[in-house]
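For reference, the structure discussed in these notes is given below.
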2 protein chains.
Amino acid sequence: MNRKLSSIFPLTDEEARAIRELPIQVVELKSGQDIVRLGERPYQCCLILQGFTCVYKLSVGGKRQIMALHVPGDIPDLQSLHLEVMDISIASISPCAVGFFQHEDARRMCEHHPRLTAAFWRETLIDASIYREWLLNIGQRDAYARVAHLLCELLIRLRAVGLVEDHSFELPITQEEMADTIGISAVHVSRTFQALRNAGLIETTRTRIHLPDWEGLMETGEFDPLYLHLRGEAA
Amino acid sequence: MNRKLSSIFPLTDEEARAIRELPIQVVELKSGQDIVRLGERPYQCCLILQGFTCVYKLSVGGKRQIMALHVPGDIPDLQSLHLEVMDISIASISPCAVGFFQHEDARRMCEHHPRLTAAFWRETLIDASIYREWLLNIGQRDAYARVAHLLCELLIRLRAVGLVEDHSFELPITQEEMADTIGISAVHVSRTFQALRNAGLIETTRTRIHLPDWEGLMETGEFDPLYLHLRGEAA
DNA sequence: CGAAGCATTGAATTTTCTCAAGGTCTGTGG
DNA sequence: CCACAGACCTTGAGAAAATTCAATGCTTCG
């Protein structure tokens with residue numbers, strides 16, 4: 001959590017210590033398990049230590065929209081600190097390790113360290129900024145650009161937590177999940193991947209993605225990392 | 001601001017007074033004016049007193065996505081309190097009155113009234129919740145349901161600030177703006193409105209919308225107001 | 001090895017878009 | 001007060017993007 005938080009917000013030693021001392025219960029999850037469900041009233045938040053999770057909702061017709069992907073260091077349900085009832089569900093999309101901390105403990109910590117309140121608040125604001133960019137992505141770009149944009153974002157976010165090597169990263173996500181993330185069908189994801197491969201913009205193995213032409217992919221996806229609000233070097 | 005805030009967060013008298021005493025500079029705007037632009041570093045926030053504004057971004061190809069519509073009582077750029085650089089632009093879509101308050105003043109007020117910090121934070125979390133619902137709307141529903149959903153949301157939000165009478169409200173928005181909001185073309189908005197009229201779900205005049213079949217429209221739009229996190233009576 | 005899940009490909013269909021023309025409303029200036 | 005310009009809305013027709021359905025192939029894991 002420190003690593004992630006300090007990538008978006010500089011912490012003093014004392015603040016860093018307060019965070020380390022926050023009691024955390026670590027849980028291991030298999031892929032495809034719900035962590036929290038729409039309608040629940042949680043009293044804790046979950047910090048991702050390892051693996052990937054997604055935030056999703058189902059439409060009445062049973063279609064799933066994935067509204068967010070979260071990576072190690074993220075706190076996907078930080079909102080529950082101030083919104084009693086969950087308006088989303090969160091599930092693991094790979095084997096995960098997550099750490100639960102109590103709202104109560106987090107609130108107490110924030111009272112003693114007001115700058116941590118600001119840091120957490122900022123974190124939720126960046127989540128919101130990503131939602132906005134995804135709205136632009138889904139609302140205005142075609143499938144080809146949508147995929148490119150998403151891959152660019154994942155590279156930058158994963159690099160910020162040290163999970164990228166040479167423009168290449170693990171992405172244990174099925175094409176069906178990617179489809180639900182960018183609002184197209186799974187079949188069309190497959191076709192779009194083909195097109196991106198043929199254009200020399202991506203190389204994939206089952207669980208790993210390599211982006212051999214970063215400049216080209218950024219242009220294709222109209223990607224500008226401003227909206228991620230990283231401090232320090234970004235693109 | 002009090003009316004809106006207290007609809008999502010109960011305030012004490014003292015807190016209400018602190019808000020009333022926040023220095024505000026009122027400005028009148030014509031329709032179609034930018035209030036703040038992507039890339040800027042504002043030192044103030046804007047509270048909408050009258051009229052409608054939208055949050056938007058342009059794609060490289062020049063297409064516009066409207067990520068949010070804001071109504072009186074909303075603070076569309078509250079995020080700028082903790083995110084230095086704007087990642088969006090905000091414009092009026094009708095004649096507006098807005099009140100600017102300084103970040104500095106808001107921060108001081110929050111220090112003295114920690115529960116107001118929570119109230120503002122909560123407000124930004126609800127904005128985020130709306131973004132998520134819009135992602136579901138744009139990503140998974142067809143044009144017909146998208147329009148229905150948006151109209152349901154606007155009715156509920158406008159009713160919370162007293163701008164609805166008998167399932168009818170002013171909506172000074174062009175079909176082009178609505179198109180950019182829900183990610184379809186303006187032509188298709190027109191066709192979709194026709195279909196909704198023929199189904200007896202909406203009645204429109206130039207600037208006013210009436211929803212004669214509220215139950216039917218909610219069902220069509222798969223609308224559930226949970227995500228708006230209103231306190232007290234909702235639907 | 002075999003089953004299950006995942007990915008790919010083709011073909012037909014649907015939704016939505018674009019282009020283009022015509023119609024309606026509204027505010028302004030003569 | 002009326003005519004007109006400009007913005008906005010409507011409608012049709014053809015085109016494009018993406019979907020669905022269905023069949024086949026590939027991996028991985030027990």
Side-chain angles (χ1 to χ4, degrees), chain A residues 30-33 52 54 59 61-66 91-95 137-151 170-198 202-209 220, chain B residues 30-33 52 59 61-66 91-95 137-148 150 170-199 202-209 220:
Chain A
K30 281 178 286 196
S31 181
Q33 290 192 283
F52 289 71
C54 72
S59 73
K63 295 190 192 174
R64 173 177 64 171
Q65 176 68 35
I66 293 178
S92 57
I93 58 171
S94 77
N137 205 34
I138 293 181
Q140 301 301 333
R141 297 201 261 254
D142 64 16
Y144 192 68
R146 284 187 214 180
V147 173
H149 188 282
L150 178 59
L151 294 178
E170 288 293 318
L171 189 66
I173 190 179
T174 65
Q175 292 189 353
E176 176 135 24
E177 286 158 344
M178 168 124 353
D180 291 345
T181 304
I182 58 178
I184 66 178
S185 69
V187 171
H188 204 52
V189 169
S190 177
R191 295 191 219 278
T192 307
F193 266 62
Q194 292 295 9
L196 287 164
R197 277 190 212 105
N198 292 338
I202 67 172
E203 290 164 9
T204 60
T205 65
R206 177 153 287 271
T207 62
R208 202 163 179 88
I209 300 230
T220 300
Chain B
K30 281 179 285 195
S31 181
Q33 290 191 283
F52 290 71
S59 73
K63 295 188 190 173
R64 173 177 63 170
Q65 175 68 36
I66 293 179
S92 58
I93 58 171
S94 78
N137 205 33
I138 293 182
Q140 302 300 334
R141 298 201 260 253
D142 65 17
Y144 191 69
R146 283 187 214 180
V147 172
L150 177 59
E170 290 291 320
L171 187 66
I173 190 179
T174 65
Q175 292 189 353
E176 176 136 23
E177 287 158 343
M178 169 131 340
D180 292 344
T181 303
I182 57 178
I184 66 178
S185 70
V187 170
H188 204 54
V189 169
S190 176
R191 294 191 219 278
T192 306
F193 265 60
Q194 293 295 9
L196 286 164
R197 277 190 212 105
N198 292 338
I202 67 173
E203 290 165 8
T204 60
T205 65
R206 176 152 289 268
T207 62
R208 203 165 179 88
I209 300 233
T220 300

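The sequence lines fix the lettering, A, B, ..., with proteins before strands; numbering per chain opens at 1.
Distance A/Phe193 CZ to C/dC6 P: 15 Å, rounded to the nearest Å. A straight line from CE of A/Met178 to P of C/dT8 spans 12 Å, rounded to a whole angstrom. Taking atom CG of residue B/Asn198 and atom P of nucleotide D/dT10, one finds them 11 Å apart after rounding to whole Å. As a whole-Å value, the separation of B/Ile93 CD1 from D/dC8 P is 12 Å. Regarding A/Gln175, its CD atom lies at a distance of 12 Å from the C1' atom of D/dC26, rounded to whole Å.
Side-chain contact, A/Thr207 with A/Glu170: a donor N or O sits under 3.5 Å from an acceptor N or O. Side-chain contact of B/Arg191 with B/Gln194: a donor-acceptor pair under 3.5 Å is absent, judged by distance alone.
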Inset, instruction - Start with the C-alpha gap between A/Arg146 and A/Thr192, add the side-chain angles, then the distance that decides, and say whether side-chain contact (heavy atoms from CB on, under 4.5 Å) holds. - result: CA-CA 10 Å; A/Arg146 284 187 214 180; A/Thr192 307; over 6 Å; no

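Note that CG of A/Leu171 and OG1 of A/Thr204 are 10.5 Å apart. Values are rounded to the nearest 0.5 Å. Taking CG of B/Leu196 as the start and CD1 of B/Ile209 as the end, the distance is 9.5 Å to the nearest 0.5 Å.
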Please table the atom pairs, donor to acceptor, closer than 3.5 Å between any side-chain atom in residues 177-189 of chain B and protein atoms at least two apart or in another chain.
unit_1	atom_1	unit_2	atom_2	d
B/Glu177	OE1	B/Thr174	N	2.9
B/Glu177	OE1	B/Thr174	OG1	3.4
B/Asp180	OD2	B/Arg64	NE	2.8
B/Asp180	OD2	B/Arg64	NH2	3.0
B/Thr181	OG1	B/Glu177	O	2.7
B/Ser185	OG	B/His188	N	3.2

Legend entry - nucleotides 9-25 of chain C: protein proximity per nucleotide (B base, S sugar-phosphate only, - neither; heavy atom, under 4.0 Å): BBB----SSBB-----S

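Phosphate proximity of D/dT10 to B/Arg197: present, with a side-chain N or O under 4.0 Å from OP1 or OP2.
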